[in-house]
Structures are given as structure tokens and as C-alpha cells.
Amino acid sequence: MEEHLFFTHKAEEKESFLQRLSGYPSIVITFHQNPDGDAYGSSLGLKFYLESKGKSNVTLISPTEPAEYLKWMPGASEVKVWDESHREIVEEADIIFCLDFSSGSRLKEMKDTVIQAKALKIVVDHHEQPESFGDLYYWDVKASSTCELIFRWIKDMEPEASITKEAAICLYTGLLTDTGSFRFDATTPAVHRIAAELLERGVVPAKVHRSLFDNNPLEKLKFLGFVLGEKLNYLPEYRVAYMAISEEELKRYNSRNGDTEGLVNQGLSIANSVMSVLFTEKEGQIRISFRSVGDFSVADFARAHFDGGGHKNASGGRSQLSLNETVEKFLTLLPNIKAELLSQPS
Ligand SMILES: [Mn+2]
């Protein structure tokens, strides 16, 4: 697939979309499992935009239960969590938006129903190596976030579009979370211009930041203390930090969905570090989060060794081995990438 594929730049694709959108279509918006600020923000932002256009038959369906820390967002209470009772809505939909993912497996139990649905499927995403289950793609691997793409898409469709305050808060949330608070490489002048326009629509940055990051239950901070104190390892000879957390440990700290979010970034705050990895055991499976700085691609690394993928500096993977075996496997791979890790500027 080409690196940039904007369907609205193709007149006939825009036309086929507008035809589907005319009248009172039934629209489903879905996003990846374990949704983050960008998945949620782009979906809710799009929903508010469509509703402002009089398209009020819009249903948001999450493949899995969303984390607590997203529930303050405008419209969040209307998000449905997938179960069989939603099958008909998906099967009968005219349009299905698939946001912030482009690999069908990230829909979990919803996957087959979405892929087989008769709807026009529109994929809006910025992850590498998209699969071809969609009909139309608005896809740019260089975009900071799906929220950036939704903003650009709205402006492509309707240059004079006015974005409501609620939509602005949602889109700003995804910009903020996917750029690591406006610091990752994808934080371009264009991203700040979008943020500026969202502020003009009424976003209060301190409020969004506090809702996202200063809204923790005490146990989550105790859990963070435990992980940093007992679980964080650093290998200066590779410039690699890693943490492995067992299911029992997650339970001991009453850890909820989302409590491990952001934990992996802690490893990158160590001076000189290049890569940070978090292994978590959940329902017998090992989930792995990778982060890097500079040119070392954790997307390639996850794809090659841990059945995963994502972005150059932020990716995920999984393993069917035990937690200890997974960590062992990871450690034995480090000598192969040592030269590349050491060559990164600090
Ligand atoms: Mn994203």
C-alpha cells in the first residue's frame, strides 16, 4: 500500500462516501481493543462531528471494556462494549468507521462480524502495515495520531467545518496522549496548529491533562511505586530498561484495566536509555509494550520476534511462553541489536 492514501483526494471515493452518508444512514464507529486516548478521542470526536451534521444514528462499540481513565470524556458514557446483542447493529450498518487500527485482530471478538458486514468500511489510521479489510483508507503513517487524521479529514470534507467544544476536547485528548504530551517525533508544527484551533474551540489544556493524568486512585500510585522499586531493570550495556509483572502482582495491587498504561515510558526516563519494555501477564497470555527513542524501530522488533507491530517508537506484541521464558527470549535477542542500540544518539 502507498504510504499516503487519502480517499477524499480521490473524487470518486469522496463521491461514494457522500452518497452513503446522505439521508439517515446507520453508522458504527469502532476502534482497537484496550482503547487509548487516541482511539477514544478520534471516535468520540468523529461522532460529535457527524451528529452536528444531523447524522445522529451513530453507535460507538468498543471491542473490550475501556479503562477508567477515559471515562471522563464527553460522550464516553454512550460507548457500548461489544457483546452478541450488538451483532445486528453491525450487520445492518451502512457505514463502519474503523479508527486507530488497521489489523483486524485488534477487534478481538468483533472481528468477523465487522469484516463480513455489508457496510462501507472506512479505515482511518496511522499504524504501519495496514491490512486490506477496509473499502476506503484515510491512512498516514506519519500522522501523530488518528485524532490528527480525523481533524484533517473533517477539513478535507468541509473546509469551513466548525468543530464543537465537545469534539475539540476529544480530538485534543488523542493529540496529547499519542504525542506523549507534544514531545514525540511526530509533533510537527501542523500538530500544534491543530491544537491551537482546538483551543480556540474551548479546550482548556490543564483540565484535559488533569483529567487524564492526575485522576489516579491511590492504589495505582502504590502500584507504580512497587513496579519502580521492585520490577524495573536497566542494562546499561544495551541501554535497555525492562519490567515484567505477573498476574499475581497485578491482582495484589488490585490493578485495573489501564493501570499499566504509560508504565513502559518510565524506563525511557533513565539517562541514556534507548529502549524500554514492559511485559505483563494477563489471562495466561503475555502482553508486551515496547518504546524507543531515536531510529531504533520497536515496530520492526515486535513484528520480527513477538507477533506484534505498531509505530517506530511505540509498539506492542505478545507471547505464548511463560512470563519468565518470554523475558529470557527477549534477553537472548539483545546481543543481535546491541550495535544498533549503542549507535543511537543520547
Ligand atoms: Mn493512535
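As the structure lists them, so they are numbered: ligands from 1, and atoms in each ligand from 1. Atom set for the values below is all heavy atoms of this structure, side chains included, hydrogens, waters and symmetry mates excluded.
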Is there side-chain contact between Ile288 and Thr326, with heavy atoms separated by less than 4.5 Å?
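Yes - at least one pair of side-chain heavy atoms lies under 4.5 Å apart.
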Ile286 and Val227: same hydrophobic cluster, using ILVMFWY side-chain contacts below 4.5 Å?
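They do not share one cluster, since no chain of ILVMFWY contacts under 4.5 Å joins Ile286 to Val227.
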Salt bridge or not for Arg87 and Glu84, using N-O below 4.0 Å?
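Salt bridge between Arg87 and Glu84, a charged N being under 4.0 Å from a carboxylate O: yes.
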Have a look at [X] and say which of its N, O or S atoms is nearest the Mn ion (ligand 1).
X: His126; answer: NE2
X: Asp100; answer: OD1
X: Asp178; answer: OD2
X: Asp38; answer: OD2

Restricting to N/O/S atoms, is Asp125 within less than 2.8 Å of the Mn ion (ligand 1) or not?
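So Asp125 does not count as coordinating the Mn ion (ligand 1).
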Could you check Phe31 against Phe101 for ring pair (Phe, Tyr, Trp, His ring centres under 6.0 Å), going step by step and ending with a plain yes or no?
CA-CA 7 Å; Phe31 40 82; Phe101 72 98; 8.5 Å; no
Please work out whether the ring planes of Phe330 and Phe306 are parallel, tilted or perpendicular, with thresholds of 30° and 60°.
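Ring orientation of Phe330 relative to Phe306: tilted.
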